[in-house]
Amino acid sequence: MEIKVVENTKEIQCDVLIVNKFVDELTSNPLINKFAPDTFKGKAGETFLIHTHGEAPSNYVLAVGFGEEQSVDDNIIREGIAKAVKKCAELKAKTIAFDISSNLDFDIPVILGAEIANYHFDKYKTKKEHKISELYISNVTDKVYKAATIAQGLEFARNLANEPASFANPAKLAELACSFEGVEATVYDEAQIREMGMGAYLAVAQGSVNPPKFIHIKYIPEYARRKIAIVGKGLCFDSGGLDIKPAASMLNMKDDMSGAACVLGIMSVIGKLKPHVEVHAIIAACENMPSGSAYKPGDILTAKNGKTIEVDNTDAEGRLTLADALCYACELGVHEVIDIATLTGACMVALGSAASGIMGNNEEFIKDIIKSGEYVGEKFWQLPMWQEYRDNMNSDVADMKNTGSRYGGASAAGMFLKEFVTDDVRWVHLDVAGTAFLEKPQREFSKGASGVGLRTILNYLLSYTLT
Ligand code: BES
Ligand code: MN
Ligand code: ZN
């Protein structure tokens, strides 16, 4: 939606004016104060709607509860605003305005709440979903621009992950990577990937008619406090390969590039947000398909760092592509690596769609990312990295197998990835298998791709901005 900055939103003719209400406080709106019943306390997420009947410039005023004033935070504001905006959409509103208490630092959660709630993937519907087109806000700060830019990156990521696999194929991801401003992209083709020694990644890709594309996008600001790599799992489709998935499990496997979509979403706006940190985005894009040329159980692969892997199950493909991508990232001499991947059904079983799994080789770094997520409303739950999980992947013929026991699968995948990260690099792994693609609406999100991870990672990268 278009964000318009005006002097005074109270005076704007629009469909709905949204005001906030704290428990035990009056709102800024006399009509709400006069007509709201005692039962409307202003608890977090509570709403109360009135028709103004010409008594105010807007057709409606909608009050949304922010709870107790002293305990309000970004999550309460964002989710409250999202709820209010969904109400406005039900009213078929086209233009809305915000009159939010000016003592709140509200630009970022308000704009993100509104934009997230107003999102539906309807590109292929001939009858479009109702969307709000204009939003009036009264304070001009650089935070409005920042919030709108983050929202734009999030929309990009959600759109891409919602696209069918025949559209969002490796070549398309590569093409998009080359279209961003303020960054420089390099795409390596199959022959170059072979030259770089990425035997694990290539094996996964070899069963598909769509060739792999290895994508490296650089953001190099004039002044950088650190050098960080963000690696996204880019399985444009995961059929399982020869160990093919049953139909129900394959259904949403176009979303197996959600990690890549997140990373691309970040790089689509990083040139505008300009954090003081060097960022390298890395995606080993390919498809996992069964065919006469597909890799087989029992094959022994050599990853970029020379370690050998016996293929136990062709459906544990994400870790193979990430193995080579992580080696590549570490060779860049980065201080930190964050990988994000729809990696294991086991993580989905453990945490559902409420939280993503997080693992890594540095407790402090893990805590920093969890905290960064809390701030934007993305939950990460730490899973253990114990030797037992690694022992299960011992192979008789190679350095390791690509799967271990049926149980503890998310941790096993984490231990597998660890083999490809050098010890001097701080690393976290985000398993978003359960959170990247929602089967039903959840909080401020509609069904489908959530863009999970994007705001957490961007928030972390922006913490390097000196203001
Ligand atoms: N892409 C899947 C994981 C996944 C499952 C993502 C459900 C989103 C929703 C991954 O490649 C996979 O197939 N993992 C296997 C690993 C197993 C063979 C060890 C799994 O989790 O079943
Ligand atoms: Mn798989
Ligand atoms: Zn997969």
Side-chain angles (χ1 to χ4, degrees), residues 161-162 165 168 170 173 200-201 203-205 207-208 212 231-262 283-290 294-299 309-325 339-357 359 383 389-390 392-393 395 400-417 429-440 447-453:
N162 275 322
L173 301 197
Y201 165 38
V204 175
S208 175
V231 180
K233 173 172 171 180
L235 261 292
C236 293
F237 192 73
D238 179 14
S239 70
L242 288 174
D243 291 315
I244 198 161
K245 288 179 185 291
S249 311
M250 205 191 295
L251 195 58
N252 284 331
M253 280 303 133
K254 66 171 186 181
D255 88 322
D256 216 15
M257 38 61 79
S258 296
C262 164
I283 299 163
C286 67
E287 295 180 336
N288 186 21
M289 298 295 281
Y295 79 133
K296 306 171 187 76
D299 280 358
I309 307 155
E310 179 189 3
V311 178
D312 192 49
N313 190 316
T314 63
D315 199 11
E317 85 299 335
R319 62 197 72 182
L320 297 172
T321 64
L322 289 169
D324 283 328
D339 82 67
I340 175 161
T342 47
L343 203 59
T344 67
C347 189
M348 194 174 186
V349 169
L351 304 174
S353 60
S356 310
M359 281 157 264
L383 299 172
Y389 304 113
R390 174 63 185 83
N392 290 330
M393 290 185 287
S395 162
M400 70 200 95
K401 297 189 290 185
N402 71 335
T403 66
S405 151
R406 272 183 64 199
Y407 306 111
S411 288
M415 289 304 282
F416 182 91
L417 296 181
H429 158 58
L430 308 176
D431 192 333
V432 294
T435 48
F437 203 86
L438 301 169
E439 280 164 18
K440 55 179 172 41
K447 266 176 138 170
S450 66
V452 69

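Start at 1 with the first residue, then count along the sequence. Ligands are counted one by one from 1 in listed order, and the atoms in each one are counted from 1 as well.
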What N, O or S atom of Glu317 is found closest to the Zn ion (ligand 3)?
OE2
Does some side-chain heavy atom of Arg319 sit less than 4.5 Å from a side-chain heavy atom of Thr403?
yes
Side chains of Leu235 and Val204 in contact at under 4.5 Å (non-hydrogen atoms)
yes
Distance under 4.0 Å to a non-hydrogen atom of Asn313: what atoms of ligand 1 satisfy this?
18 (C)
Return yes when at least one N/O/S atom of Asp238 is nearer than 2.8 Å to the Zn ion (ligand 3), and no when none is.
yes
Euclidean distance, Asn162 CG relative to Lys447 NZ, rounded to 0.5 Å
11.5 Å
Atoms of ligand 1 close to Thr403 [distance to a heavy atom under 4.0 angstrom, numbered from 1]:
19 (C)
Audit row: Ser405, Asn392, side chain to side chain donor-acceptor pair (under 3.5 Å) steps and yes/no
CA-CA 6 Å; Ser405 151; Asn392 290 330; 4.6 Å; no
Of the listed options Glu317, Arg319, Met250, Arg406, closest to atom 16 (C) of ligand 1 (non-hydrogen atoms)
Arg319
Proximal candidate to atom 6 (C) of ligand 1 [heavy atom criterion; set Ala410, Gly434, Ala433, Gly241]:
Ala433
Classify the contact between Asp255 and ligand 1 as side chain, backbone, both or neither, using a heavy-atom distance cut-off of under 4.0 Å.
neither
Ligand-side contact atoms (ligand 1) for residue partner Met253, heavy atom cut-off under 4.0 Å:
1 (N), 4 (C), 5 (C), 6 (C), 7 (C), 8 (C), 9 (C)
At under 4.0 Å between heavy atoms, what of Asp315 touches ligand 1? The answer is both
State, yes or no, whether a side-chain contact exists between Leu343 and Leu417 at a heavy-atom distance under 4.5 Å.
yes
Going by the side-chain contact (heavy atoms from CB on, under 4.5 Å) test, name the single residue among Leu430, Asp256, Ile340 that passes it with Lys233.
Asp256
I want to check something: taking the side chain as every heavy atom from C-beta on, are Ser208 and Cys286 in contact at a cut-off of under 4.5 Å?
no
I'd like to know if the Zn ion (ligand 3) has an N/O/S atom from Lys233 within less than 2.8 Å of it, counting both backbone and side-chain atoms.
yes
In Asp256, what N, O or S atom is nearest to the Zn ion (ligand 3), if we give its atom name?
OD2
Taking side chain as C-beta onward, heavy atoms only, is Val452 less than 4.5 Å from Ser258?
no
For ligand 1, which is the ligand I care about here, please tell me if Thr344 has any N or O atom under 3.5 Å from one of the ligand's N or O atoms.
no
Pick, from Ala346, Gly345, Gly404, Ala316, the option with the minimum heavy-atom distance to atom 17 (C) of ligand 1.
Ala316
At less than 4.0 angstrom from any non-hydrogen atom of Met348, what atoms of ligand 1 do you find?
7 (C), 9 (C)
Please list, in number order, the atoms of ligand 1 under 4.0 Å from a heavy atom of Lys233.
1 (N), 10 (C), 11 (O)
Can you figure out which of Lys401, Met257, Lys245 has its heavy atom closest to atom 13 (O) of ligand 1?
Lys245
Student check: side-chain heavy atoms of Ser356 and Thr435 closer than 4.5 Å:
yes
Could you measure the distance from the CE atom of Met289 to the CD1 atom of Ile244? Nearest 0.5 Å is fine.
8.0 Å
